[in-house]
Amino acid sequence: MTNTWQDIKNANIVVVMGGNAAEAHPCGFKWVIEAKIENGAKLVVVDPRFTRTASVADYYAPIRPGTDIAFLNGVIRYLLEKDAIQHEYVRAYTNAGLIVKDGFSFQDGLFSGFNEEKQSYDKSSWDYELDDQGFAKSDDTWQDPRCVINLLKQHVSRYTPEMVSRICGTPQDKFLHVCELMASTAAPDKAMTSLFALGWTQHSVGSQNIRTMAMVQLLLGNIGVAGGGMNALRGHSNIQGLTDVGLLSNLMPGYMTLPQDKDTSLDVYMSTKLYKPLRPGQTSYWQNYRKFFVSFQKAMFGDAAKQENDWAYDWLPKLDIPLYDIIKAFDMMNNGQMTGYICQGFNPLQAFPDRGRSRRGLSKLKFLVTMDPLDTETSRFWQDFGPQNPAKSAEIQTEVFQLPCTCFAEENGSLVNSARWLQWHWKAADGPGEAKSDIWIMSGIFHRLRDMYRKEGGAFPDPLLNVTWNYTNPIDPDPEELAKEMNGRALTDLTDATTSAVTKAGTLLDGFAQLRDDGTTASGCWIFTGCFTEKGNQMARRDATDPREQGIAPNWAWAWPANRRILYNRASADPDGKPWNPSKPVISWNGARWVGVDVPDYGPTVKPSDGVGPFIMNAEGLGRLFARDQMVDGPFPEHYEPLESPVENVLHPKVRSNPVARVLASDRPTFGDVKSFPYVATTYRLTEHFHFWTKHALINAILQPEEFVEIGEALAKEKGIEQGGWVKVKSKRGEVVCKAYVTKRIKPLTVDGKPTHVIGVPLHWGFTGQARKGYGANSLTPPVGDANTQTPEFKAFLVDVEKTSAPVTA
Ligand SMILES: Nc1nc2c(c(=O)[nH]1)N[C@H]1C(S)=C(S)[C@@H](COP(=O)(O)OP(=O)(O)OC[C@H]3O[C@@H](n4cnc5c(=O)[nH]c(N)nc54)[C@H](O)[C@@H]3O)O[C@H]1N2
Ligand SMILES: Nc1nc2c(c(=O)[nH]1)N[C@H]1C(S)=C(S)[C@@H](COP(=O)(O)OP(=O)(O)OC[C@H]3O[C@@H](n4cnc5c(=O)[nH]c(N)nc54)[C@H](O)[C@@H]3O)O[C@H]1N2
Ligand SMILES: [Mo]
């Protein structure tokens, strides 16, 4: 989230599109109700289904799964045409006036630089025109046809209300009413918040879905302000923490990126990181990358990371293929390239796309280790369940080691919530039976591996032999000690260049501004610096005082970065430093410094007249309506059909789906077409279950006892399907046999003149636990990933459905 849960109450318009917050975030959803009651906010829901969130909305509009970019590009067109944008904000804080290079173009669904053979883009033409000093040229009058706002206007001109309706199936009047509600927040003192989750991410265009709304929010002046922002409602209680500490296959802690094979030295690696400011006087904060990186290496390798060995750069793994995402990992298992798998707190047999593919991959492993408090389907994959997966246990050679572990309530530690708050929690009970903590298990594996390397040698022992492990209890390190390591400390006495204050060696650091690139500081995760200081564990703070009753309680827990609650909050004030909305100020300029309820996202004494843009992580300091780098699939968002779609792409039939989506050639034969699989399916969760674990608890199993799919009344009638009757849902990859729930909440949509039915598939069932056995939604889903994040396309694919009789196994 750029903002916080509590801050939702400050919104005038709450848009839930690409998520179902009332169902999946029922506790946080109270702030939406608060916004409605206390602030007169209107709740707008855009979802293929009339959801629990829609049931309390002021306005609901249906949409075909996988078409949000068409909808939102239509919104952008509407805002530009009606001139419903916050002019002063857009002029001062976005790249609207920057001039784009001549080489950039878009035609027939492709941006300039497309390489057909490699199925990827060369992004060099997606950039600004630079002057002799290397600064981006701009035209503040917006006359130049090559300035971003004019190219954007041209790009979205195709997304007329007729076109939006033809692609999305949303009736035109409903689309236009949503546009009107959103446009009402262009007023400087009005704000809209965007709450989203998987309804946007789980698509082959997932990142661009979110980006399109971010552009809408920039045009409306809704980023950085109270009640505004782009608010990703995250999943597992600590999934925000997972990405923060770099547990994705291409990341390092604090959103630094893992080096690739081509980064042959620290200098080469660093040459692509230190973004030079693109406008005079800009901050371009990633220029500090080297400080964060060297401090991380010092935390990892201590004295063994030195100037002479480039701070142990060579000991980091280098990515030799673009990615090791889950789609690739299971492909490698299937090809015999990956023979062992350690699966910690994860249930891929149920959670990953194409369950048959996952099962075949696991069956080819030499060994599988699971670390989990529960008996998961993955740890019992050889007992698999389902008509297409007859259990052939005897033929499977994989050796499985199940390591039972504790869960969060049985240990001390911190969880990072969606609002970036690190909250400490305390152990409530001992784990049952033989369960051990993840830390104990991981340390045990580490010590045994290191001993083997010490005794037997090995191809590349250096990283394991040199890693620092100086914990008080090396067998079971204390979570507080690990937290302090993440925070970081001074390694020698440090003298502040401006104040001459000395920080003694060993002192815990107060903030990442103290980090250095000369080996004198260590920090395991730069964005966490400040969470555990000499004043104590900041994450354990529990003071709920909220100075303006505005949803900012600065002494409750600790938020990264720097305890800032609203990111980009410089943009909450006008160029002179006066809040756009005086009744809900976040920070303001008092003539000498920035003051307010939040920590300024800015140098506290940087004068407004210095003209530094509020988006300091971007080299131009501005919010991007045109993304010059970062996105791999285009600087403007474009509508592409899902990989499995019922219709052609009416905008450009030759380029139907995202040309750079994450698809392996070997998986293409597993995609079905509309002739055999005429219906659109989408998968989702229910409040009564949490993924695949709560079915182990009897009370939840009673609340939602068995697998079902949701089918609209019209389709049910056509297919002779009765309420509660058995149905078989099939995709090209597999099938699910379960009960039908016939509902008024899913209606057929008219897409390009044809009726299109959507089938809803909740995802919670499997074959372990207390609930009745079920096949699981992922028996059906395709192994397709978003071009930027590789998140699977779980939300839009093709199926067929028919009435059937009760299966023998049910
Ligand atoms: N009770 C409960 N709560 C949970 C979880 C759980 O398992 N149980 N899981 C947690 C996790 S890990 C996560 S990531 C979050 C997920 O939170 P959400 O994303 O809110 O949950 P989902 O149910 O997956 O899907 C959201 C909605 O997206 C809609 N949708 C599908 N396709 C599209 C589309 O193309 N466009 C639009 N606009 N909408 C679409 C679906 O109809 C559905 O209503 O929930 C978390 N909260
Ligand atoms: N079709 C379809 N598929 C989906 C989705 C979808 O919307 N549609 N959503 C996707 C999303 S967003 C998610 S997050 C995934 C979820 O996929 P998974 O994360 O694989 O599913 P969970 O059941 O949450 O599995 C987490 C496991 O962690 C265990 N666990 C709990 N606490 C601890 C602990 O402290 N230590 C260890 N080691 N283990 C612990 C739990 O017992 C559980 O078995 O599913 C994805 N799959
Ligand atoms: Mo998730």
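Start at 1 and go down the list; that is how both ligands and their atoms are numbered.
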inquiry  = Quick check on the 6.0 Å ring-centre criterion: do F330 and Y341 meet it?
reply    =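 Between Y341 and F330, which both carry aromatic rings, the centre distance is below 6.0 Å.
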Starting from [atom], find the nearest protein heavy-atom neighbour and note its residue, name and distance.
| atom | value |
| --- | --- |
| atom 37 (C) of ligand 1 | D68 OD2, 3.5 Å |
| atom 33 (C) of ligand 1 | G199 O, 3.6 Å |
| atom 45 (O) of ligand 2 | A351 CB, 3.5 Å |
| atom 16 (C) of ligand 1 | L198 CD1, 3.4 Å |
| atom 3 (N) of ligand 1 | A24 O, 3.2 Å |
| atom 40 (C) of ligand 1 | P48 CD, 3.4 Å |
| atom 13 (C) of ligand 1 | G235 CA, 3.2 Å |

Close approach of [X] to ligand 1, heavy atoms, under 4.0 angstrom:
| X | result |
| --- | --- |
| H203 | yes |
| T53 | no |
| H764 | yes |
| A796 | no |

Are [X] and [Y] within salt-bridge range, i.e. N to O under 4.0 Å?
| X | Y | value |
| --- | --- | --- |
| E180 | K42 | no |
| E641 | R656 | no |
| K695 | E707 | no |
| E377 | R355 | no |

message = Test your reading of the model: is there a side-chain donor-acceptor pair from Q202 to the backbone of T791, 3.5 Å cut-off?
response =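 Side chain of Q202 to backbone of T791: no pair is present.
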task = For ring pair (Phe, Tyr, Trp, His ring centres under 6.0 Å), just list the numbers for F352 and F346, CA-CA rounded to whole Å, side-chain angles, deciding distance to a tenth of an Å, and then say yes or no.
result = CA-CA 10 Å; F352 288 4; F346 221 170; 5.1 Å; yes
For the 3.5 Å polar cut-off, considering only N or O atoms, please tell me whether [X] and ligand 2 meet it.
| X | result |
| --- | --- |
| N778 | yes |
| R685 | yes |
| M371 | yes |

Under a 4.0 angstrom heavy-atom cut-off, which atoms of ligand 1 come close to [X]?
| X | result |
| --- | --- |
| H25 | 15 (C), 17 (O), 45 (O) |
| H689 | 1 (N), 2 (C), 6 (C), 7 (O), 8 (N) |
| T51 | 44 (O) |

request  = State the atoms of ligand 2, each with its element, that fall below the 4.0 Å cut-off from a heavy-atom position in K795.
outcome  =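 Those qualifying, in numeric order: 7 (O).
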request  = If the plane angle is over 60° it's perpendicular, under 30° parallel, otherwise tilted; pick one for F690 and H236.
outcome  =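 Perpendicular: the ring planes of F690 and H236 meet at over 60°.
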ask   = Do any nitrogen or oxygen atoms of R49 come within less than 3.5 Å of a nitrogen or oxygen of ligand 1?
value =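 Between R49 and ligand 1, an N or O pair is found under 3.5 Å apart.
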ask   = What part of T376, side chain from CB on, backbone N/CA/C/O, both or neither, has a heavy atom under 4.0 Å from ligand 2?
value =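 Contact part for T376 vs ligand 2: side chain (C-beta onward).
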